[in-house]
Amino acid sequence: MKTIKTKLAVALMAAGLSFSAAAADIKVAYDADPVSLDPHEQLSGGTLQMSHMVFDPLVRYTQDFDFEPRLAESWKRVDDKTFQFTLRKGVKFHSGNEMTADDVVWTFNRLKSSPDFKAIFEPYTELKKVDDYTVELISKGSYPLVLQTATYIFPMDSKFYTGQTEGGKDKAEVVKHGSSFASTNVSGTGPFIVSAREQGVKVDFVRFADYWDKESKGNVDKLTLVPIKEDATRVAALLSGGVDMIAPVAPNDHKRVEGAKDVDLVTLSGTRLITFQMNQNSNEALKDVRVRQAIVHAINNDGIVQRIMRGFATTAGQQGPEGYAGYDEKLVPRFDVKKAKELMKEAGYEDGFRLTMMAPNNRYVNDAKVAQAAAAMLSKIGIKVDLKTLPKAQYWPEFDVCAADMMMIGWHSDTEDSANFSEFLTMTRNEETGKGQYNCGYYSNAEVDKLVEESNVETDPAKRAQMLQQVEATLYNDAAFVPLHWQNLAWGASSKLNIKPIVNAMNFPYFGDLVVDE
């Protein structure tokens, strides 16, 4: 495949906006590369990792889940519905255009039209320009998660993305899993410019000489991202010096990395939930709550954590992990094969039935192995599983059409809040609002929908927690999905890379701040 050098990067280099030759040149290996350069095409970890390299949000999370200013230098609540942000002055896009309130408003309107992101922004009526460096985010009602939402506003270069391509297509168009101007061209405010990209092979980044954050001590001038699907191959590349950093490090490779010379293993507790959804539209048996409960009882998710994840995960019985508002310690994992068989008999499926299952094989830690184990466990209660695993790039188009009876999905709460799990994974599907966008179980419960909606306007933390705990209890009793575990995070890196300050539980390393020792 031919390497594509972005026109913007070529133009910048030709204009003499090159980069310091003294700083570091590193290579990073992930299990997959970003599927697109469009920050609004897909709400996924890979997209958000890329966004933090090429763009900047209004605010971003610290390692302890606090908020720090980025393109918004300050903020304040004006009234119950209005939140005001003051923007930094003098911020340049990669194109050379200056960022103003017009770009932030344009970006917000595009987010509202994105199939993947519009649910996050559904609580808002508009983002209004006050002056060139002040905007106001206005909600439909009282809303408790405004700063969390602002972490997803990565201002785009409205002048760069406005107009038509040579083929007559709108440059601002959001195209899922297709070719568009925004998916192959990019102008952000971030620390790195995409200089070349070969999908599935590598993405080259170079430091943006006019980057606004002059206080950052980051000294990486060139970064190459290479996808290495196989866990063992990724570790071998790190240990041989072929790459400088890898993610993730599979649990069975931790000791190997820890024992290597001049290599560090950095781990953090994670909040990404790994589950299976049960498609009630594609398989009649899954409409019966007793069958869904039987499936939940049949899958030994604690055994999966211990044997396949090597203990590097936390067994889940609900959506939100401990520490989230909706967490309820009573909603524990419930592996019980005897109970599962009783439920199958009660539902009239004593002889079992057949179902299809799909999972990715390079998106989550040990995803294919987890799916294989779950399929084997279901066979113990007479359920014959036709399992198909696919690379990430091929899996998501299949997931978008809910192509199997059981589909794996991992979810990291976009707002570090348990309501977000329900908004995308278990609320009734609604194309207009984006609610239930990733609900391939087609689970629908009006009471759950009502409680989540009410929680999103409740600013009293205690009342809100009670609502979300009721949601979790209902989902638990209805066996709305199969909870597996919350996936922990691990990175491996050369000791010359000081990665501890830049990694976080959101799994969006802030590479612009990375310091590499000489």
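All values below come from the heavy atoms of this structure, side chains included, with hydrogens, waters and symmetry mates left out. Start at 1 with the first residue, then count along the sequence.
Annotation: Glu447, atom CD; neighbour count of heavy atoms from other residues, nucleotides and ligands within 6.0 Å is above 12. Few gaps surround NZ on Lys112; more than 12 heavy atoms of other groups in view lie less than 6.0 Å from it. Within a 6.0 Å radius of CD in Glu432, other residues, nucleotides and ligands contribute 12 heavy atoms or fewer. More than 12 non-hydrogen atoms from other residues, nucleotides or ligands lie less than 6.0 angstrom from NZ of Lys435. At most 12 non-hydrogen atoms from other residues, nucleotides or ligands lie less than 6.0 angstrom from CD of Gln466. More than 12 heavy-atom neighbours from other residues, nucleotides or ligands sit within 6.0 angstrom of NZ on Lys176.
Tyr124 is linked by a ring-ring contact (aromatic ring centres under 6.0 Å, His included) to Tyr143, counting only residues two or more places apart in sequence or in another chain. Every residue two or more places apart in sequence or in another chain was checked for a side-chain contact (heavy atoms from CB on, under 4.5 Å) with Ala393, and none qualifies. With sequence neighbours excluded, no residue forms a ring-ring contact (aromatic ring centres under 6.0 Å, His included) with His297. Under the salt bridge (charged side-chain N to carboxylate O under 4.0 Å, His left out) criterion, Arg272 pairs with no residue at all, not counting sequence neighbours. Remark: Ser240 engages no residue in a side chain to side chain donor-acceptor pair (under 3.5 Å) (not counting sequence neighbours). Residues satisfying the salt bridge (charged side-chain N to carboxylate O under 4.0 Å, His left out) test with Asp328, not counting sequence neighbours, are Lys330. Every side chain to side chain donor-acceptor pair (under 3.5 Å) that Asn456 has, sequence neighbours left out, goes to Glu423. With sequence neighbours excluded, no residue forms a ring-ring contact (aromatic ring centres under 6.0 Å, His included) with Phe55. Every residue two or more places apart in sequence or in another chain that forms a side-chain contact (heavy atoms from CB on, under 4.5 Å) with Ala247 is listed here: Tyr30, Trp491.
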If you apply the rule side-chain contact (heavy atoms from CB on, under 4.5 Å), what do you find for Leu273 with Gln319, and how did you get there?
CA-CA 7 Å; Leu273 176 70; Gln319 294 181 126; 4.2 Å; yes
I'd like to know whether Lys287 forms a salt bridge (Lys or Arg N to Asp or Glu O under 4.0 Å) with Glu284, so could you lay out the CA-CA distance, the side-chain angles of the two residues, the decisive distance to 0.1 Å, and finally the verdict.
CA-CA 6 Å; Lys287 292 182 179 180; Glu284 185 70 22; 3.5 Å; yes
Go through it in stages, so that I can follow the logic: the residues are Asn279 and Met406, the test is side-chain contact (heavy atoms from CB on, under 4.5 Å), and I'd like the CA-CA distance, side-chain angles, deciding distance and then a yes or no.
CA-CA 6 Å; Asn279 191 335; Met406 289 184 67; over 6 Å; no
Test log, rule side-chain contact (heavy atoms from CB on, under 4.5 Å), inputs Val28 and Val226:
CA-CA 6 Å; Val28 178; Val226 293; over 6 Å; no
Any chance you could lay out the salt bridge (Lys or Arg N to Asp or Glu O under 4.0 Å) test for Arg234 and Glu230, step after step, and finish with the verdict?
CA-CA 6 Å; Arg234 212 162 45 247; Glu230 298 296 332; over 6 Å; no
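Asp478 and Tyr476 are not linked by any side-chain donor-acceptor pair at a separation below 3.5 angstrom, with hydrogens and angles left out of the test. There is no side-chain donor-acceptor pair under 3.5 Å between Asp386 and Thr356. In the model, Ser36 has no side-chain atom that pairs as donor or acceptor with a side-chain atom of Ser183 under 3.5 Å. With hydrogens and angles left out, the side-chain atoms of Asp400 and Tyr438 include no donor and acceptor closer than 3.5 Å. Judged by distance alone, the side chains of Asp116 and Ser114 never bring a donor and an acceptor atom under 3.5 Å apart.
Here the two rings, on Phe67 and Tyr61, have centers that are under 6.0 Å apart. Aromatic ring centres of Phe154 and His52: separated by under 6.0 Å. Remark: aromatic rings of Phe481 and Phe276 are distant, center separation not under 6.0 Å. Ring centroid separation for the pair Phe508 and Tyr510 does not come in under the 6.0 Å cut-off.
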Mind listing the side-chain donor-acceptor pairs of residues 250-265 below 3.5 Å, one per line with the distance, residues two or more places apart or on another chain?
unit_1 : atom_1 : unit_2 : atom_2 : d
His254 : NE2    : Val249 : O      : 3.1
Asp264 : OD1    : Ser495 : OG     : 3.4

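Atom CG of residue Leu514 and atom CG of residue Leu223 lie 8.0 Å apart, to the nearest 0.5 angstrom. Taking CG of Asn366 as the reference point, atom CD1 of Ile304 lies at 10.5 Å (rounded to 0.5 Å). The CG atom of Leu468 lies 12.0 Å from the OH atom of Tyr324; values are rounded to the nearest 0.5 Å.
Salt bridge status for Asp31 with Arg363: absent, with no side-chain N to carboxylate O gap under 4.0 Å. Salt bridge Asp336/Lys338: absent, no basic N to carboxylate O contact under 4.0 Å. Remark: Lys118 does not engage Glu122 in a salt bridge, criterion side-chain N to carboxylate O under 4.0 Å. Residues Lys384 and Asp405 are not paired through a salt bridge, judged by the lack of any N-O separation under 4.0 Å between the basic side chain and the carboxylate.
For residues 367-381, no pair satisfies side chain to side chain donor-acceptor pair (under 3.5 Å), with sequence neighbours left out. The side chain to side chain donor-acceptor pair (under 3.5 Å) pairs that include a residue from residues 301-313 are Asp302-Thr315, where partners are two or more places apart or lie in different chains.
Residues Leu147 and Phe83 have side chains in contact (heavy-atom distance under 4.5 Å, counting atoms from C-beta outward). Taking the side chain as every heavy atom from C-beta outward, Pro321 and Phe421 approach each other to under 4.5 Å. Within the 4.5 Å cutoff, the side chain of Leu286 has no heavy atoms near those of the Tyr442 side chain.
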